[in-house]
Amino acid sequence: MSILSSEIGAYAGKQVSLHGHVQTIRSMGGLTFLVIRDRAGIFQAVVNGGEPATLVKDVTLEMPVRIQGTVNQLPKRTDAFEIAAEKLELLSEHLSPPPVEIAKSSKMDAISLPTLLDYRPLTLRNEKVRSIFKIESVFCNAFRTFLNKDGFVEIHTPKIVSTGTEGGAQLFRLDYFGKPAFLAQSPQFYKQIMVGVFERVFEIGPVYRAEEHDTTRHLNEYVSMDLEMGFIENEQDLLTLQTRLLQSMFNSVEEFCAAELSLHDAKIPKFESIPQIQYVDAIELLLRKLSWKNEEAEPDLDPEAERLLCEYAAKEWQSEFIYITGYPRTVRPFYAMPMTDKSGKLSLTKSFDLLFRGVEVTTGGQRIHEPNMLIESMQGRGLNPESYLDYLQCFRFGMPPHGGLAIGLERLAKQLLGLASTKQAALFPRDRNRLTP
RNA sequence: GGGAUCGUAGCUCAGUUGGUUAGAGCGCCUGCCUGUCACGCAGGAGGUCGCCGGUUCGAGCCCGGUCGGUCCCGCCA
């Protein structure tokens with residue numbers, strides 16, 4: 001009978017079989033204790049004589065083993081159980097010892113980021129490192145479940161594309177059977193096209209940015225949680241939706257990842273609504289009240305500004321989130337729906353960013369759905385509509401008022417768990433200097 | 001692309017004013033240990049001090065170059 005570590009208490013006095021990786025070996029002469037990790041947790045096995053005692057000398061840390069024996073209560077404790085090994089099976093040949101200690105999370109926390117990533121196949125096994133990805137899995141599940149219930153259809157758009165989306169971000173070039181091609185920096189055009197098909201769509205997938213940034217916030221490949229919906233009134237519909245969506249995602253993590261959260265001393269943010277501030281008001285607030293150091297003639301929000309705004313939101317509104325709305329057209333892509341400023345000029349956009357604990361985690365907004373306005377917007381930026389004909393098709397045949405947003409999964413996890421770097425929240429991060437493992 | 005900073009054992013680090021054989025903790029190996037859970041005790045292995053050159057009687061340490069990393073900014077999620 002093969003069972004999991006979590007079930008061991010129900011089998012006191014019975015013969016069972018368990019398997020897992022050896023995480024700790026404590027040898028006491030004739031008596032050896034093994035702490036073994038399976039997919040449900042850990043359990044202790046005690047080897048006391050017999051054939052297992054001979055075999056246990058060849059056990060190394062992280063070796064996969066199968067153990068058969070009797071479940072016993074630990075001496076002096078009624079709440080804990082161990083398995084007395086009667087049969088020990090080494091499921092691997094002799095192994096070399098691991099280069100870093102992975103059983104203790106305190107040791108793992110001390111390891112430098114390059115080492116942590118160089119030995120990723122090993123370090124991912126540490127419970128604290130692993131927990132990051134359990135939480136991301138629950139985030140994705142909750143994102144899916146919430147949107148599915150709300151009438152969204154999950155889609156998968158191509159990652160090999162012929163043209164870029166926004167012009168700004170750099171693209172990775174590919175050789176596609178002799179033709180130039182690129183890795184998609186965003187599913188933007190395709191998810192908009194699919195609004196004409198399903199009205200509401202979402203996608204969780206990788207996006208690629210060939211920018212040579214090297215910071216704790218950036219990855220050159222990251223997971224984007226995208227959604228796009230039709231027949232909206234304005235961008236406020238998206239803000240409301242995302243607020244509910246995030247509540248649902250955080251509630252799920254709280255429900256299913258209590259142990260993982262406590263490893264990181266992380267607290268789930270609680271909120272009923274998320275405060276909003278207009279971009280121009282944010283700039284004014286920063287310059288007048290928040291002692292923001294900025295010498296630009298036309299200041300733009302930088303990471304320092306984002307931190308200051310979040311500190312302000314926490315103090316004034318008791319919110320760990322803040323929506324920045326009404327970004328100028330100059331800092332938004334051509335497809336962002338224009339909006340009038342205080343002087344009546346169409347200089348702003350119905351777009352927004354969401355800041356969470358000092359870092360931008362979401363960008364979104366209403367899009368232009370009228371073909372002529374879209375073409376004018378392209379031309380206003382020196383883009384040639386001829387090279388966007390496939391995208392423009394859907395507008396020529398009719399698109400509803402629509403909009404969407406994209407959440408950066410790794411950044412969301414980083415901010416929730418208080419990780420030092422976004423790279424820790426990617427299984428095998430790709431950055432300026434790293435293409436392996 | 002701009003700036004700052006760091007390279008010493010498998011990992012994390014110390015290394016005095018330039019001085020003889022470069023250290024610590026953890027890990028690893030050997031031995032002892034029958035209730036450990038950061039097990040304990042005794043012993044041991046492990047280093048081209050990133051690399052190249054220079055100054056010096058003498059360089060881990062000073063100087064120049066080079067390679068690699070980390071962080072910040074720009075840009076973005």
Side-chain angles (χ1 to χ4, degrees), chain A residues 23-35 42-49 53 57 60-62 72-77 80 82 84 95-119 122-123 165-170 185-188 206-226 293-294 296 300-307 327 331-333 352-356 359-364 405-415 420-423 425-426 431-434:
Chain A
Q23 190 169 289
T24 310
I25 305 167
R26 278 188 284 268
S27 170
M28 313 284 301
L31 196 61
T32 303
F33 297 95
L34 301 177
V35 177
I42 56 171
F43 64 94
Q44 176 169 280
V46 58
V47 173
N48 188 359
K57 293 186 174 69
T60 52
L61 292 177
E62 287 309 306
N72 293 325
Q73 265 183 19
L74 282 176
K76 298 178 198 163
R77 290 181 65 177
E82 67 179 8
L95 303 169
S96 52
V100 293
E101 294 166 65
I102 73 146
K104 296 171 195 136
S105 290
S106 58
K107 290 278 180 193
M108 203 50 117
D109 286 339
I111 289 177
S112 67
L113 188 59
T115 307
L116 190 73
L117 298 178
D118 284 343
Y119 296 117
L122 178 66
T123 56
T165 315
E166 349 217 336
Q170 297 291 316
Q185 66 185 175
S186 153
Q188 185 60 35
V207 296
Y208 302 89
R209 305 283 165 94
E211 295 151 0
E212 297 203 39
H213 38 47
D214 191 7
T215 77
T216 52
R217 305 185 302 286
H218 288 95
L219 294 165
N220 291 290
E221 176 183 52
Y222 70 89
V223 176
S224 182
M225 307 175 91
D226 268 271
K293 295 182 286 291
N294 193 297
E296 310 271 323
D300 190 8
L301 293 183
D302 58 19
E304 171 67 10
E306 293 175 352
R307 280 190 289 273
Y327 277 81
V331 300
R332 289 304 210 193
F352 59 87
D353 277 2
L354 175 67
L355 310 185
F356 173 37
V359 170
E360 177 184 341
V361 294
T362 295
T363 290
L405 54 87
I407 306 171
L409 174 63
E410 294 89 345
R411 278 198 185 174
L412 188 66
K414 168 187 183 271
Q415 292 308 95
S421 172
T422 311
K423 292 166 193 175
D431 66 28
R432 178 68 189 82
N433 307 301
R434 184 175 289 277

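Each chain gets a letter, A, B and so on, in the order the sequences are listed, and its residues count up from 1. All values derive from a computational prediction rather than experimental measurement.
- Closest to the side chain of I111(A), out of U12(B), G74(B), C28(B), is U12(B).
- Using a 4.0 Å cut-off, some side-chain N or O of T216(A) falls inside it from OP1 or OP2 of C72(B).
- Residue L409(A) is out of contact with every strand shown, counting any heavy-atom pair closer than 4.0 Å.
- If you check every strand for non-hydrogen atoms under 4.0 Å, S106(A) touches nothing.
- Side chain of T362(A) to backbone of D353(A): no donor-acceptor contact under 3.5 angstrom is found.
- Here the straight-line distance linking atom CD1 of I407(A) with atom CG of L412(A) works out to 6.5 Å at 0.5 Å rounding.
- Nucleic acid contact class of L113(A) (heavy atoms, under 4.0 Å, all strands): sugar-phosphate only.
- On the P atoms, G58(B) is 14 Å away from G19(B), given to the nearest whole Å.
- If R432(A) and V46(A) are placed on RNA chain B by their nearest nucleotide, the residue sitting closer to the 5' end is R432(A).
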request  = Start with the C-alpha gap between R434(A) and D118(A), add the side-chain angles, then the distance that decides, and say whether salt bridge (charged side-chain N to carboxylate O under 4.0 Å, His left out) holds.
outcome  = CA-CA 9 Å; R434(A) 184 175 289 277; D118(A) 284 343; 3.0 Å; yes
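- Counting non-hydrogen atoms under 4.0 angstrom, D353(A) reaches nothing in the nucleic acid.
- The nearest whole Å value for the distance from the CG atom in L95(A) to the P atom in G10(B) is 20 Å.
- Taking only side-chain nitrogens and oxygens, R307(A) comes nearer than 4.0 Å to OP1 or OP2 of C73(B).
- When rounded to the nearest whole Å, the span between CG of L31(A) and C1' of U34(B) equals 5 Å.
- In this structure, S27(A) reaches the bases: a heavy-atom distance under 4.0 Å links it to at least one base atom across the strands shown.
- Per the stacking criterion (ring centres < 5.5 Å, plane angle < 30°), Y222(A) stacks onto the base of A77(B).
- A donor-acceptor pair is defined here as one N or O able to donate and one able to accept, closer than 3.5 Å; no such pair exists between the side chain of E212(A) and the backbone of R432(A).
- Judged by atom type and distance alone, H213(A) does not reach the base of C76(B) through any side-chain donor-acceptor pair under 3.5 Å.
- Taking atom C1' in both G18(B) and C71(B), one finds a spacing of 31 Å when rounded to whole Å.
- When heavy atoms are screened at a 4.0 angstrom cut-off, K57(A) is found touching no nucleic acid atom at all.
- Rounded to a whole angstrom, the distance from the P atom of A22(B) to that of G64(B) is 28 Å.
- Ranked by how close their nearest RNA chain B nucleotide is to the 5' end, D431(A) and S224(A) are led by D431(A).
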task = Any chance you could encode RNA chain B as dot-bracket? Rule is Watson-Crick or G-U wobble with both distances under 3.5 Å; [ ] for pairs crossing earlier ones, | for another strand.
result = (((((((..((((.....[...)))).(((((.......))))).....(((((..]....))))))))))))....
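- Although no hydrogens or angles enter the test, the distance criterion places a donor-acceptor pair under 3.5 Å between the side chain of T123(A) and the main chain of L116(A).
- Nucleic acid contact for E82(A): base, since at least one base atom lies under 4.0 Å from a heavy atom of the residue.
- As judged by a 4.0 angstrom heavy-atom cut-off over every strand, T115(A) is placed among residues touching the sugar-phosphate backbone only.
- Residue T363(A) has a polar side-chain atom (N or O) positioned under 4.0 Å from OP1 or OP2 of A77(B).
- Counting atom types as modelled, R217(A) pairs no side-chain N or O with a base atom of C72(B) as donor and acceptor under 3.5 Å.
- Among the nucleotides A77(B), C39(B), G69(B), the one closest to the side chain of M28(A) is C39(B).
- Separating the CD1 atom of I42(A) from the C1' atom of U36(B) is a distance of 14 Å, rounded to the nearest angstrom.
- Across G40(B) and C72(B), the matching C1' atoms stand 47 Å from one another, rounded to whole Å.
- No side-chain donor from either of Y222(A) and R411(A) sits under 3.5 Å from a side-chain acceptor of the other.
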Indicate every side-chain donor-acceptor pair of residues 96-107 of chain A with a distance under 3.5 Å to a residue at least two apart or in another chain.
unit_1  : atom_1 : unit_2  : atom_2 : d
S105(A) : OG     : N126(A) : OD1    : 3.3

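- Note on Q44(A): a base of the nucleic acid sits closer than 4.0 angstrom, heavy atoms only.
- Considering only side-chain N and O atoms, N220(A) lies nowhere under 4.0 angstrom from the phosphate OP1 or OP2 of C76(B).
- Nearest to the side-chain atoms of T215(A) among the listed nucleotides U36(B), C72(B), A77(B) stands C72(B).
- Nucleotides C57(B) and G65(B), compared at atom C1', are 26 Å apart to the nearest Å.
- Of the candidates C75(B), C71(B), G27(B), C71(B) carries the atom nearest the D214(A) side chain, counting heavy atoms from C-beta on.
- When rounded to the nearest whole Å, the span between NZ of K104(A) and C1' of G25(B) equals 11 Å.
- For L61(A), counting side-chain heavy atoms from C-beta on, the closest listed nucleotide (G74(B), U36(B), C28(B)) is C28(B).
- Ranking C76(B), G74(B), G1(B) by closeness to the E212(A) side chain, first place goes to G1(B).
- Taking E221(A) as the reference, nothing meets the salt bridge (charged side-chain N to carboxylate O under 4.0 Å, His left out) condition, with sequence neighbours excluded.
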